[in-house]
Amino acid sequence: MDLQIAKKTALVTGSTSGIGFAIASLLAAEGATVIVNGRTEPRVKESIDKIRAAHPNVRLESFAGDLATEEAAKALTARFPALDILINNLGIFEPKSFADIPDEDWRRFFEVNVLSGVRLSRAYLPGMLERNWGRIVFISSESGIQIPSEMIHYGMTKTAQIAVARGLAELTTGTGVTVNSVLPGPTRTEGVDEFVSKMSGGKPFAEFEREFFEKVRPSSLIKRFATSEEVANLVAYVSSPLSSATNGAALRVDGGVVKSAF
């Protein structure tokens, strides 16, 4: 399927690993010019080299900087004043008992997971509206609907992303701009591997995965972690002109974890 994004420019925040990397790689393979973002130059270069090894002749730009900060956001928008596609993927998570989460962690999670996307959307949405075309996608989580007791601060930020995306979508009424959120379920990434190592007590991944979906996410219908590529497939579609009738939606790619028909 031709996603019709060959002449589009996309930014994927936090795209040096995991879901962000998979999204950047797929959008580039579909012909978009993709800005790869990470906190350090070596990390960004390594990711760009990996994408080019898999997809020669793709068009890639780089931006090294922590987009959870206002300073980096200003530097980014000065260098790239216009975008067609903005993927707000940057995010952090960690399992921690509610009683042990200090105020500083609540602020840090909100700054990284929510305000990073708010700042960039505020910078790029007006231009999209003026040109009458654009896509903004927030990478939220099923944890924004079913708040995980082991990381409530993370779930809070994912709910906030869904709210922000829906509110921004209201500002696009009657235009060619859309704003949506995509809600992955448990997905195997580098960060999840670290999460597993903390929670598994040294068990092999396959054993942990089986127990995780028996006890922690028993509502899953696929009974496994999704791959980053499976999530990227949905994000790429929502980023394309083909998804023009999809706006203001919270789209689940959660393996059926959310036990609801709506």
Side-chain angles (χ1 to χ4, degrees), residues 3 10-27 34 37 47 67 85-95 109 112-114 116-117 135-166 169 178-196 199 205 208-209 212-213 216-240 243 246 248-262:
L3 293 183
L11 165 67
V12 185
T13 65
S15 47
T16 57
S17 65
I19 291 172
F21 177 83
I23 295 169
S25 182
L26 182 52
L27 292 179
V34 178
N37 163 246
S47 300
L67 290 175
I85 301 166
L86 169 61
I87 311 296
N88 290 312
N89 170 75
L90 180 64
I92 56 175
F93 71 96
E94 65 175 349
F109 268 68
V112 175
N113 293 2
V114 182
S116 62
R135 297 287 184 266
I136 298 177
V137 183
F138 284 79
I139 306 304
S140 179
S141 168
E142 56 87 13
S143 293
I145 298 175
Q146 298 183 154
I147 310 298
S149 61
E150 71 273 12
M151 43 185 183
I152 295 172
H153 53 336
Y154 171 76
M156 173 272 298
T157 64
K158 296 290 121 173
T159 304
Q161 285 181 312
I162 297 170
V164 170
R166 177 64 206 192
T178 68
V179 185
N180 295 286
S181 53
V182 169
L183 284 58
T187 305
R188 187 169 185 181
T189 64
E190 293 90 333
V192 166
D193 282 342
E194 293 176 11
F195 172 83
V196 168
M199 295 188 67
F205 184 88
F208 172 85
E209 182 177 45
F212 181 82
F213 287 101
V216 183
R217 295 291 187 276
S219 59
S220 171
L221 300 179
I222 64 174
K223 297 299 181 186
R224 63 170 174 83
F225 286 94
T227 67
S228 297
E229 290 73 20
E230 287 173 317
V231 176
N233 289 337
L234 178 56
V235 176
Y237 167 74
V238 176
S239 302
S240 78
S243 67
T246 303
L251 304 167
R252 304 200 314 252
V253 55
D254 65 342
V257 168
V258 177
K259 202 168 183 179
S260 168
F262 305 102

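Residue indices begin at 1 and follow the sequence shown.
For Phe225 and Phe205, the ring centers are positioned less than 6.0 Å apart.
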request  = Report the C-alpha separation of Val164 and Phe138 in whole Å, then their side-chain angles, then the decisive distance to 0.1 Å, and conclude whether the side chain to side chain contact (heavy atoms under 4.5 Å, CB included) test is met.
outcome  = CA-CA 9 Å; Val164 170; Phe138 284 79; 3.8 Å; yes
request  = Kindly determine whether Ile87 and Leu11 satisfy side chain to side chain contact (heavy atoms under 4.5 Å, CB included), including the steps that lead there.
outcome  = CA-CA 6 Å; Ile87 311 296; Leu11 165 67; over 6 Å; no
task = Go through the steps to decide whether Asn37 and Thr16 satisfy the test side chain to side chain contact (heavy atoms under 4.5 Å, CB included), and finish with yes or no.
result = CA-CA 7 Å; Asn37 163 246; Thr16 57; over 6 Å; no
key: Audit row: Ile145, Arg252, side chain to side chain contact (heavy atoms under 4.5 Å, CB included) steps and yes/no   = CA-CA 10 Å; Ile145 298 175; Arg252 304 200 314 252; 4.3 Å; yes
inquiry  = Is there a salt bridge (Lys or Arg N to Asp or Glu O under 4.0 Å) between Glu142 and Arg217? Walk through the geometry before answering.
reply    = CA-CA 11 Å; Glu142 56 87 13; Arg217 295 291 187 276; 3.3 Å; yes
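Taking the side chain as every heavy atom from C-beta outward, Ile19 and Thr189 approach each other to under 4.5 Å. Side-chain contact between Tyr154 and Ser141 is present, with at least one heavy-atom pair separated by less than 4.5 Å. Using a 4.5 Å heavy-atom cutoff, the side chains of Ile92 and Phe109 are in contact. A 4.5 Å side-chain heavy-atom check between Pro186 and Phe213 finds at least one atom pair inside the cut-off. Asn233 has its side chain within reach of Leu26: a pair of non-hydrogen atoms, C-beta onward, lies under 4.5 Å apart. Side chains of Lys158 and Met156 form no contact here, defined as non-hydrogen atoms less than 4.5 Å apart. Contact annotation: the side chain of Phe21 never approaches that of Ser228 to less than 4.5 Å [non-hydrogen atoms, C-beta and beyond]. Counting heavy atoms from C-beta outward, Ser15 and Ile23 have side chains that stay 4.5 Å or more apart.
Although no hydrogens or angles enter the test, the distance criterion places no donor-acceptor pair under 3.5 Å between the side chain of Ser181 and the main chain of Ser140. Between the side chain of Asp254 and the backbone N or O of Leu183 there is no donor-acceptor pair closer than 3.5 Å. Side-chain atoms of Thr159 come within 3.5 Å of backbone N or O of Gly144 as a donor-acceptor pair. Within the 3.5 Å criterion, the main-chain N or O of Gly155 finds no donor-acceptor partner in the side chain of Ser143. Ser116 contributes no side-chain N or O that, together with a main-chain N or O of Leu67, makes up a donor-acceptor pair within less than 3.5 Å. In this structure, the side chain of Asn89 engages the main chain of Gly14 through a donor-acceptor pair within 3.5 Å.
Across all non-hydrogen atoms, the minimal contact from Leu90 to Thr13 is N-OG1, 2.8 Å. Across Asn113 and Gln161, no two heavy atoms sit closer than the pair O-NE2, 2.8 Å. Counting all heavy atoms, side chain and backbone alike, Ser239 lies closest to Leu27 at CB-CD2, 4.3 Å. Among all heavy-atom pairs drawn from Gln146 and Ser219, the shortest one is NE2-OG, 4.3 Å. Pairing each heavy atom of Val112 with each of Gly91, the nearest pair is CG1-CA, 4.1 Å. Nearest heavy atom pair, residue Arg135 against residue Thr178, reads CD-OG1, 2.9 Å.
Rounding to the nearest 0.5 Å gives a distance of 10.0 Å between OG1 of Thr187 and CD1 of Ile139. Asn180 CG to Ile136 CD1: the interatomic distance, rounded to the nearest 0.5 Å, is 10.0 Å.
Under the side chain to side chain contact (heavy atoms under 4.5 Å, CB included) criterion, Tyr237 pairs with Ser240, Leu242, Ser243, sequence neighbours left out.
Using a 4.0 Å cut-off between charged nitrogen and carboxylate oxygen, Arg224 and Glu230 count as a salt-bridge pair.
The local environment of NZ in Lys223 is crowded, with over 12 non-hydrogen atoms from other residues, nucleotides or ligands closer than 6.0 Å.
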